[in-house]
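Quick notes on the structure that follows.
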Amino acid sequence: MQILVTGGAGYIGSHTLISLHEAGYDFVVYDNLCNSSKESLKRVEKIINKSISFEQGDIRDKKSLQNLFKKYKIDSVIHFAGLKAVGESVEKPIEYYDNNINGTLTLLEVMKEYKCKKIVFSSSATVYGDPHTTPIKEDFPTFATNPYGRTKLFIEEILKDLYISDNEYKITILRYFNPVGAHESGTIGEDPNGIPNNLMPFISQTAVGKREYLNIFGGDYETADGTGVRDYIHVVDLAFGHVKALDYLNIQIKNKKPLIVNLGTGKGNSVLDVVKAFENASNKKVPYRIVERRAGDIAKCYADPSYAKEILNWEAKKTIKEMCEDSWNWQNNNPNGYIQGEKK
Ligand code: NAD
Ligand code: WQD
């Protein structure tokens, strides 16, 4: 039996493959490589010393998915595939709704056709919108402020409806906070296209000399130092959360409603905390300027991760120091990401 990992060549997916392998799960990766390359899979193969079953295809392509389910004995799905850039989603809502929602619906149709009823879905802390308080618990109200966030919310609702229609479905919705860091080997990591939107890749590209300075978006938030606070979580911890989610689905008795779980550390770090931790980890200066707030940003967002501990027996272990060390190790070894030579 195999686990289908959609979007498995991407940042979180590639790290999860290693965790799955270490836990003894067999898997097949399905990815259209729109935001990744085969190189990440080659590097995972080196780490796990095993070749990976990979099929290139789009989750909106029903025929291709049917062929995949015909070819492999797929028992459950970890569904990472999706577009994830908040700003881009505002400019291209149709593409985001089509890719993320139509893609998920097509995947669910084919899963149904092949009687595959176990799925772990990548949701996001973005579904909490601007929370009234922190730390954030799973039962907080949900609200989306952009098309990307709405795709996550809609998919969560679709999955809940699916369970109502057939309670043999076993569904886990994981709400990730801010994934950062890289595998300890420094051979796989986050490889954004163009100018990074997210803080950690921007800091690491500044430290390596690809960017002149970091713009810190807002120094007047109601936080200890005025900069935004987030729950940064090491991608290796996050990856292991998927193994625990899958274990849970496998032992879970029938008729349990979809599980919704925060994956975060429970600790909030400000932008300046991360800059300092990164400077210490890399021994490089990260020049910065404090500029206007970024539209749509909130002051504070961090998880109450106690439900993940209780239900999945999972908790994040790695510190912000390790997150920065591993991000730096990846960036320093791969200044141009997976593509060697001068690019980007
Ligand atoms: P990523 O872009 O690195 O990985 C996503 C992968 O999906 C890529 O390899 C891409 O090529 C593939 N993909 C996209 N659309 C596809 C399609 N139509 N068909 C087949 N493959 C497709 O992103 P990531 O950071 O690894 O995120 C994985 C998932 O986690 C996404 O669903 C994302 O929304 C969610 N998430 C990410 C973060 C984050 O900050 N990285 C936070 C919360 C949730
Ligand atoms: C973190 C902090 C910024 C860049 C986003 C998505 C969310 C989820 C994770 C997918 C904030 C500040 C950033 C920079 C800065 N992704 N910052 N200068 O916005 O918390 O979450 O990624 O689901 O949905 O919205 O993450 O890394 O962009 O920002 O000062 O150049 O760093 O203002 O306080 P965010 P981020």
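One-based numbering, in listed order, for ligands and for the atoms of each. When reading the values below, keep in mind they use all heavy atoms of this one structure, side chains included, and skip hydrogens, waters and symmetry mates.
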Record the part of Tyr148 in heavy-atom contact with ligand 2 below 4.0 Å; permitted values are side chain, backbone, both and neither.
side chain
Structural part of Leu199 in contact with ligand 2, heavy atom criterion under 4.0 angstrom
both
Which atoms of ligand 1 are found less than 4.0 Å from any heavy atom of Gly57?
19 (N), 20 (C)
So does Asn250 get a backbone contact from the side chain of Lys118, meaning a donor-acceptor N/O pair under 3.5 Å?
no
Spatial distance of atom CE (Met323) from atom CG (Asp237) [nearest 0.5 Å]
7.0 Å
Part of Ala125 with heavy atoms under 4.0 Å of ligand 1, whether side chain, backbone, both or neither
neither
With distance as the sole test, does Asp31 use its side chain to make a donor-acceptor pair with the main-chain N or O of Ala9 at under 3.5 Å?
yes
What is the closest protein heavy atom to atom 3 (C) of ligand 2, and at what distance does it sit?
Asp297 OD2, 3.4 Å
Salt bridge between Lys137 and Asp139, side-chain N to carboxylate O under 4.0 Å?
no
Counting heavy atoms under 4.0 Å, the part of Glu190 that contacts ligand 1 is neither
Between Val229 and ligand 2, which residue portion shows a heavy-atom distance shorter than 4.0 Å: side chain, backbone, both, or neither?
neither
Near Ile59, which atoms of ligand 1 are under 4.0 Å from a heavy atom of that residue?
17 (C), 18 (N), 19 (N), 20 (C)
Counting from 1, what ligand 1 atoms have a heavy atom of Tyr148 closer than 4.0 Å?
33 (C), 34 (O), 35 (C), 36 (N), 44 (C)
Would you say Lys84 has any N or O atom under 3.5 Å from an N or O of ligand 2, going by distance alone?
no
Among Tyr176, Tyr248, Tyr25, find the residue that satisfies the ring pair (Phe, Tyr, Trp, His ring centres under 6.0 Å) test when tested with His242.
Tyr176
Answer side chain, backbone, both or neither: which part of Asn99 comes under 4.0 Å from ligand 1, heavy atoms only.
side chain
Report yes if Phe217 has an N/O atom closer than 3.5 Å to an N/O atom of ligand 2; otherwise report no.
yes
Under 4.0 Å to a heavy atom of Cys34 - the qualifying atoms of ligand 1, by number
10 (C), 11 (O), 13 (N), 14 (C), 15 (N)
For ligand 2, does Asn197 get within less than 4.0 Å through its side chain, its backbone, both, or neither, judged by non-hydrogen atoms?
backbone
Considering the heavy atoms of Ser122, write down every atom of ligand 1 situated less than 4.0 Å from one of them.
29 (C), 30 (O), 32 (O), 35 (C)
Check Tyr232 against ligand 2 and report side chain, backbone, both or neither, counting heavy atoms closer than 4.0 Å.
side chain
Under 4.0 Å from ligand 1, counting heavy atoms only, is it the side chain of Tyr30, its backbone, both or neither?
neither
Tell me which part of Leu33 gets within contact of ligand 1: side chain, backbone, both or neither, using heavy atoms under 4.0 Å.
backbone
